[in-house]
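A short write-up of the structure that comes next.
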Amino acid sequence: MPAPKKAAEEIQALREQINRHNYLYYVLDAPEIGDAEYDRLFQRLVELEGKYPELVTPDSPTQRVGAAPLEAFGTVRHMFPMLSLNNAFEVAELQEFDRRVKTFADLPPGEVITYVAELKIDGLATCLRYEDGLLVSAATRGDGAVGEDVTQNVRTIKTIPLRWLSGSALPGTVEVRGEVHLQRSEFERINKEQEAKGEATFANPRNAAAGSVRQLDSRITAKRRLNFFAYEVRAAEPRFPTHSQGLQRLREAGFPVNPHSKTIEGIDEVAAYCLDWQQRQGELDYNVDGVVVKVDEIAIQNRAGWVSRSPRWAIAYKFPAEEALTVVRDILVSVGRTGVLTPVAIMEPVFVDGSTVQRATLHNEDELRRKDVRVGDTVVIRKAGDVIPEVVRVLPEKRTGKEKKFAFPNKCPACGGPAVRPEGEVAYRCLNPACPAQVRGNLEHWGSRGALDIVGLGEQTVEALVSNGLVKDVADLYTLTKEQVKGLERFADKSADNLVRAIEGSRSPTLARFIYGLGIRHVGDHVAEVLAEHLGTVEKFLEASAADLSQVSEVGPVIAASVEEYVRNPGSRALVAKLLSVGVRPQPVRKAEVTEGPFVGKTVVFTGGLSSLTRQEAERLVKNQGGRISSSVSKETDYVVAGDKPGSKHEKALKLGVRVLSEEEFLRMGRTAEH
DNA sequence: CGCCCTCGAGTTCC
DNA sequence: CTCGAGGGCG
C-alpha cells in the first residue's frame, strides 16, 4: 500500500522542524523549544517512518544514530588535495609571511592585505562531500590526497547538516572542510564513562575525537557528542571571490563556523589577534593550538601561489607548546645505517601533550654544545610538531655541580672503530663498513617500505638474523630457508613461513627500488627514481659515470660522484653481483616508445613559474612523450614554455624566433598527445 | 653567489 | 618533524 500523501507531507514538515531546532540548539546554542517538545517531534517522525519505511531518506534526522559496525574503512579520494600549512611561532614570522605574499602576488610593499584569522582547532581535519546539497561522504585527511571513509561516523555528528539548508545549496559536487573535535567538558564525561567501564581513558580531547571518528561501530560514535567547525568550501568552479564570503555561505547553509573567525586588515592587526587569543585560549571549551591566517581574496591567493604542497597565502601561527620538566639520566649515542653518530638524551619518563616521553634526539655535537646538555641536568622538553620530543633548554639554576659534561666519542659505540667528523660537516661518522650497526641498518633499509618492502623484516627480525649469523648482507636474505628461520626465538612455523614468502615476493623489484635499497649516499627514493629513469637497467647502472649522471636534471656533482664511487667500489660491485646471482632481478625501466606527438625529437625549455603542475611534472610530461629538456635557449630549441614572470629565456626565444608556448597551450599539446 | 625549494637521514611513541 | 645539504635559477 503506497503511503498516503498526507503522511509524506507530515514527515517532510517534521524533518524541517527538527533540522531547524537541531541547528538552533547545537549550532547557535539558542533553543526555542524544550527537550520534551523536541523529543515529541522526533518520536512522531520515528513513528511515521516506521509505518512507511519507503519514505525514509538518508538525510532524515533519524539517520544519525549510527549503523552496524564496519569490517574496515574504505578510502575516498579528495577532489582537491588537503594541503598542509607552514608554521609561524613569532610575530616576526607573520610579518615575513606578509612580505612574501606581496612579493609573489606582485603587490607594493605598502599594500594593506585583508586577511581572515581563524582559531586553529585541535581536532581532526575532515572533508565532507555534498552532491546537490546532500551529504554523500566524509573522509579523514589521510595523506592529503586519499583519506579514510568515515561517513557512517560523521553522520552521527548533530551539527553537521545532512543536507544544506533549503535555498542555500551549491549545485553539483562541493567539498566542505572542517575540524571534528570534542569539547573539553564532553571529553571529561567520556573519560569518566570509560573509567567506570574499566576501559582505557583518552590522553586528550584530540585523541578522544580521533578515536571516536575511527570507530568501526558508529553506534559508539553516536554516543560521543562530537562537534564540528567548517573552515573551507570548495567546488570545481570557485564560487566566491573571497574566503570570507565562502564562510558566510557556510553559515547560511547551516554549518557551524567558528564564531571567532574574523576578517582583518593588515598583518599587524592579525598579530594582535593571535597574541590576544594566545592569552585567552583558556576561555574556550575546546582546545586550540594556534591561529590560521589566510589571504581573503582568492585572486591574490592564486597570484601568491603554492610551494610544493603548502599555499604561500596561508600560515598557521602556533601557540607555544606545552612544556614539561625532567632530568637527563644519560646520553647515549646511536649509530645509523650510514654510520652517523647521533646523541640521544635518556630522561626520567614524563607526560607531555598526550604521551609519556623518555628519549629525545640531541641531533649532533654542535647542537649538544649549543644547548650544553649534561647528564644530571634538569631540562625543559616539549613536542616539536605533534609527536617528536625535543629538548628546549637546560635550567642551569637547577645544577648541583654533580652534572657530567658529555664528551663526544671519537670511537663508534657499536664496533669500537674510529669515528671522524669531516671538516665542514656536523656529523661524526663510523668508517667501518662492516660495523654491525650499519649492517643491521642496511638490512632494515633494504626491507623498508620505499625499498624492497619486505613485510616482517623489522628491527627485531634483523637483529635475530644477524646475531645468529644467518645473514651478513642483503643478498643472504634470498638463500634463507624456512627451517633456518624456525630455529630463531619468537619464530614459529607460521611466522617463519611468512618471512620467507615475503622475501621471495621481493625478487623482482623495480630498478628504482633496487637502487634505493642499496643505500647509496645522497640517493633517497626520489633520486633513485630519477637515476633509474635515466639508466634503465642494472647493467647500465653498474657502468654509471659521474660525467654522464651530472647531465641529468636534479643530479648535481655531489650525487653524481657518490653514485660513481659506489659502482666503482669493489665491495659494492660484489654485493650487486651477489644479489643478481641469488636471483634478484631488478626490472628494466620500460620506456614506451613514443613515435608520434608534438614533443617527439623536440627540445623544450621552461621559464617562469607554472601554476597547475610543478616544473618537474612538466619535464616528465615532455620526456614521456619523446622530448628533451634543456635549461638554456638556443637555435636548437623547439619550444619555450613561458610561465608566470618569465625571465631572460623568454626574451632570447623571441629574439631567436623560437616558438613560445603559454602554460595553457603547453598543457593542451601534452594532453592531446596522451590520448 | 645568494635565494628558494626539495630531498635525505635521523628521530619518538603507540 | 627537523636539520643540513644539494640542485636549479636568476
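Order of the sequence lines sets the chain letters (A, B, ...), proteins ahead of strands, with each chain counted from 1.
The separation between A:Trp446 atom CH2 and B:dA9 atom C1' is 19 Å, rounded to whole Å. For the pair A:Glu390 CD and C:dC3 P, the computed distance is 7 Å after rounding to whole Å. Taking atom CZ on A:Phe351 and atom P on B:dT12, their separation rounds to 19 Å, with Å as the unit. Here B:dA9 presents its C1' atom at 17 Å from CG of A:Leu518, a figure rounded to the nearest Å. If you measure from atom CD of A:Glu96 to atom C1' of B:dC3, you get 12 Å, rounded to the nearest angstrom. Put simply, CG on A:Asp353 is 14 Å from P on B:dC13, counting in whole angstrom units. Atom CD of A:Glu444 and atom P of B:dG10 are 11 Å apart (whole Å). Atom CG in A:Leu341 sits about 10 Å away from atom P in B:dT11, given to the nearest Å.
Heavy atoms from other residues, nucleotides or ligands lying under 6.0 Å from CZ of A:Arg329 number more than 12.
OP1 or OP2 of B:dA9 sits under 4.0 Å from a side-chain N or O of A:Arg337. Taking side-chain N and O atoms only, A:Ser334 has a distance below 4.0 Å to OP1 or OP2 of B:dT11. Note on A:His526: a side-chain N or O is less than 4.0 Å away from OP1 or OP2 of B:dC7. Residue A:Arg100 places at least one side-chain N or O closer than 4.0 Å to OP1 or OP2 of B:dC5. Applying the 4.0 Å criterion to OP1 and OP2 of B:dT12, one finds that A:Arg382 has every side-chain N and O outside that range.
Between A:Gly524 and A:Thr361, it is A:Gly524 whose nearest contact on DNA chain B lies nearer the 5' terminus. For the pair A:Ser355 and A:Arg429, nearest-nucleotide mapping onto DNA chain B gives the more 5' position to A:Arg429.
Partners of A:Phe89 according to the ring-ring contact (aromatic ring centres under 6.0 Å, His included) rule, which considers only residues two or more places apart in sequence or in another chain, do not exist here.
Using a 4.0 Å heavy-atom distance criterion, A:Gln358 is classed as a sugar-phosphate-only contact.
Looking at residues 342-349 of chain A, you'll see A:Thr342, A:Val344 sit with a heavy atom under 4.0 Å from some atom of DNA chain B.
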List every contact pair, protein side and nucleotides 4-7 of chain C side both N or O, where the distance is under 3.5 Å.
| from | atom 1 | to | atom 2 | distance (Å) |
| --- | --- | --- | --- | --- |
| C:dG7 | OP1 | A:Gly556 | N | 2.5 |
| C:dG7 | OP1 | A:Gly556 | O | 3.2 |
| C:dG7 | OP1 | A:Ile559 | N | 3.3 |
| C:dG7 | OP2 | A:Val558 | N | 3.4 |

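Salt bridge A:Arg370/A:Asp366: absent, no basic N to carboxylate O contact under 4.0 Å. Using a cutoff of 4.0 Å between basic side-chain nitrogens and carboxylate oxygens, A:Arg100 and A:Glu96 are not scored as salt-bridged. Under 4.0 Å is where a charged nitrogen must lie from a carboxylate oxygen, and between A:Arg382 and A:Glu322 no such pair does. A salt bridge does not link A:Glu444 to A:Arg440: none of the charged nitrogens lies less than 4.0 Å from a carboxylate oxygen.
Expressed to the nearest 0.5 Å, how far CG of A:Asp122 lies from CG of A:Asp289 amounts to 4.5 Å.
Contact record, A:Ile315 with A:Asn86: CG1-O, 3.3 Å, taken as the closest heavy-atom pair. The heavy-atom pair separating A:Phe351 from A:Thr356 by the smallest distance is CD1-OG1, 3.6 Å.
Here the nucleotide nearest the side chain of A:Val340, chosen from B:dG10, B:dG8, B:dC5, is B:dG10.
Between A:Phe514 and A:Trp446, the two ring planes are perpendicular [angle over 60°; tilted spans 30° to 60°].
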